[in-house]
Each structure stands twice: as structure tokens, then as C-alpha cells.
2 protein chains.
Amino acid sequence: MRLSTKGRYAVTAMMDLAIHETKGPVTLADISDCQDISLSYLEQLFSKLRRKNLVRGVRGPGGGYQLARPATEITIAAIIAAVDEKVDSTCSEGKEPCGQDQECLTHELWCGLSRQIYSFLDSITLAAFLSRPSVQAVIRRQERDHHRPGIPPVTVA
Amino acid sequence: MRLSTKGRYAVTAMMDLAIHETKGPVTLADISDCQDISLSYLEQLFSKLRRKNLVRGVRGPGGGYQLARPATEITIAAIIAAVDEKVDSTCSEGKEPCGQDQECLTHELWCGLSRQIYSFLDSITLAAFLSRPSVQAVIRRQERDHHRPGIPPVTVA
DNA sequence: CTAATACTTGACTAAATTGCTCGGTTTATC
DNA sequence: GATAAACCGAGCAATTTAGTCAAGTATTAG
């Protein structure tokens, strides 16, 4: 499990999709404009997200991206893992049979911690996060003030 | 809050210190050997850890590093933050007054999540982690099998 | 059909980060 | 004073991040 700006981009973009879920697909160009990320970079990230079945692309005019599954079934951990896609040689899948015992010790300790972090992030779904009152407040405030009017609040099933 | 191999090195090294707390200081050379990290890189990391008052260096022969505070008062978040020391321009301390509203939205959403991750890692102290039964089992197994004999199990106050 | 829209792919690049080598300086112990 | 360790800093190679550019392919409105 790693956390970097890459993961942040992916997560915020997915939040964007979730927020506008009820309207049609969201184009990468929109996200690129709003969040100030280059289009091509987004394309790379979404290519990975699509391969992991987290988003679905809709081609042709009026197309864009949608969540491939309900927001209740997409966890933060899944999003981050999708774009990081480390073979995770650090944990599980030991490369060498662990020569030094000491190395093995700290290795195992870190893995324990790593698993804990992962399951924490895996316990947070997009829907759950977006339905938090403080988050909803932010979303509504933004909605009232600006373009893309009339977007209904995210309704979590 | 970022998570990378750098943070992993720092955390595992701190675990090492905590485990051998009752014996004297641990030298970086020891850690370097055991965990297969270069000495100079460790020095850089420990320089940061020392500046954040997480470890104390003991110079001269027989010297090394010790925890500067009891393991019960050192959290995983503190360790990672010490070595990453991002000015964290992403969160808090807004750089620009946030031109686009949309940008501001996702920005705030991410910050909410980021805070959650941080407080999670901040809730785990070195002592708490090392006292977990599964972790103790790993430590004891390693102890029985190998060098540095007779190291007593970590006792959490 | 045609053209516009939008996704897809790949090659390539600049900047940042990671991890390391090397050389030195202090400080404390024997 | 020799030695073992922490400290310090410049600099470098490899990797990752983030991005550009260019040439596609698929879909659908008209």
C-alpha cells in the first residue's frame, strides 16, 4: 500500500465521477479542466482504473466515464491499488526465501502494519465517504455557488 | 500524509530500536546489515528523526541510537511525517485562495480523507503495535532461533 | 456515410524522489 | 591516541512521477 499524489488524483477523480453519477458520463476533459491535471495523464490513470473494472468508458459524442460499479462497492484501497499496481514485492509473495532472520523479522512486522493500513482504507467506500455530513456540506456549497447547476446530492442506496 | 519505502525504512528501523530498547543503543551499522539499507541513507533518515526528537544519538564507541521518548508516545504517523516532511502544500495552508470552485471541492474532499488516514496512523503507537500477540510471536520466534540471544520481549509499560 | 467526439496506445521527456557513494568532522571510550 | 561511533554535506545514478505529443480506434449524431 502506497500513498502518493498519483493515488490522490485517482481518488479525487473517482469522487468526481461518484458525485455526478446521476448525470451522464463525465469526460476526462472536464476533470482535466476542473482539477488541473493533464488530460493524457488522466487517460493513463483511467486506463488502469478501467482494467481493474472500477470505471466504464462510454464512447462517442456525449460519452465519458462512469463508475463501473455502485459507489457502495468501491473502496479507497481498491482505487489506490489500481493505479499503484506494485507487484508488492515487499509483502506477501516473498521474492527470496528471506536470507537473514532479522530481515525477515522487520519484514513481517511491516507487513502486519501494512495489512492494517490496507484494511482501513478498504473499509472506506466512495459512497460512505461522500455521504458524510461534512462532505455533503462541502458538495452542496459548491453546487449552490457554481456551474453545473442542479446536480442532486449523492444518494447512497 | 504519504506512504512510501522511505516511510517503511523509518518505521522498521524504529521498531528495531524499540525491540532492543532494554539493551544499549543500536548502531546504524547493525540496522544497515540486518535490513540491507545503506548506512548513509540511514544516517539521512535518522538525522530527520533526531531533529523531530524521535530518537537520541549516543556518540563514541558503544554508542548508537535510542528512542528519545517511550515507545508508548511514538506514533507511526509521527515517524512517517518526520522523514517525509512535506510542507504538505496539498492540504491545509492553501497556497492559492483556490481559483476554481471545483478544484476547491475535490481539494477539500481529499483533505478530509487525508486527515482520516493520518489520525488512523496517529492512533497506533510503536508500543501498541509491538505488543500485539501476533507480533510478539514473530519476535520471539526470531529470538529463539538466532544471534543476539537473550533479548527480553518488549515490555510495554 | 461522414464527421465529431472521445477513448486508446505508445514513445518520449522533464522534474522530483529515492537511495547510494564518498569524504570528511566531531565525540566519547579504551 | 587509536578506535568506534554519531554527525554533516556535496554530488550522483536509478527510479518514479507527471506530463507532452502523435497517431490511432470506436461510437454515434446528423
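Letters A, B, ... mirror the listed sequences (proteins, then strands); counts begin at 1. Only this structure's heavy atoms are used, side chains among them; waters, hydrogens and symmetry mates stay out.
A straight line from CD of B:Gln35 to C1' of C:dG19 spans 15 Å, rounded to a whole angstrom. As rounded to whole Å, 10 Å separates atom C1' of C:dT8 from atom CZ of A:Arg51. C:dA16 atom C1' lies 14 Å from atom NZ of A:Lys6, rounded to whole Å. Between the CD1 atom of A:Ile31 and the P atom of D:dG19 there is a distance of 14 Å, rounded to whole Å. C:dT18 atom P lies 13 Å from atom CG of A:Leu3, rounded to whole Å. For the pair B:Lys48 NZ and C:dT18 C1', the interatomic distance rounds to 10 Å; values are reported in whole Å. Atom-to-atom, CD of A:Gln66 to P of C:dA6 comes out at 13 Å; the value is rounded to the nearest Å. We find that CG of B:Leu42 is positioned 11 Å from P of C:dG19, with the value rounded to whole Å.
Under the side-chain hydrogen bond (donor to acceptor under 3.5 Å, both in side chains) criterion, B:Arg51 pairs with B:Ser47, sequence neighbours left out. Checked against salt bridge (charged side-chain N to carboxylate O under 4.0 Å, His left out), B:Lys48 has the following partners two or more places apart in sequence or in another chain: B:Glu85. Considering only residues two or more places apart in sequence or on other chains, A:Ser40 meets the side-chain hydrogen bond (donor to acceptor under 3.5 Å, both in side chains) condition with none of them. Under the ring-ring contact (aromatic ring centres under 6.0 Å, His included) criterion, A:Tyr118 pairs with no residue at all, not counting sequence neighbours.
Using a 4.0 Å heavy-atom distance criterion, A:Tyr65 is classed as a sugar-phosphate-only contact. Heavy atoms of A:Gly57 sit nowhere under 4.0 angstrom from any nucleic acid atom.
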*If a protein heavy atom is under 4.0 Å from the base, mark B; if only from the sugar-phosphate, S; if neither, -; do that for nucleotides 20-30 of chain D going 5' to 3'.*
BB---BSBB--
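OP1 or OP2 of D:dT17 has not a single side-chain nitrogen or oxygen of A:Tyr9 nearer than 4.0 Å. Dashed line: the shortest gap from a side-chain N or O of A:Arg56 to OP1 or OP2 of C:dC7 is not under 4.0 Å.
Put simply, the side chain of B:Ser114 never gets that close to the backbone of B:Trp110: no donor and acceptor are under 3.5 Å apart.
Proximity note for A:Leu28 (side chain, C-beta onward) versus D:dG19, C:dG19, C:dC7: the nearest is C:dC7. Closest contact between the side chain of B:Thr5 and the listed nucleotides C:dT17, C:dG19, C:dT9 involves C:dG19.
Side-chain contact between A:Gln66 and A:Leu17 is absent, with no heavy-atom pair separated by less than 4.5 Å.
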Do any side-chain atoms of residues 119-130 of chain B form donor-acceptor pairs under 3.5 angstrom with protein atoms, and if so which ones, sequence neighbours left out?
from	atom 1	to	atom 2	distance (Å)
B:Ser119	OG	B:Arg115	O	3.2
B:Ser119	OG	B:Gln116	O	3.2
B:Asp122	OD1	B:Thr75	OG1	2.8
B:Ser123	OG	B:Phe120	O	2.6
B:Thr125	OG1	B:Ala128	N	2.9

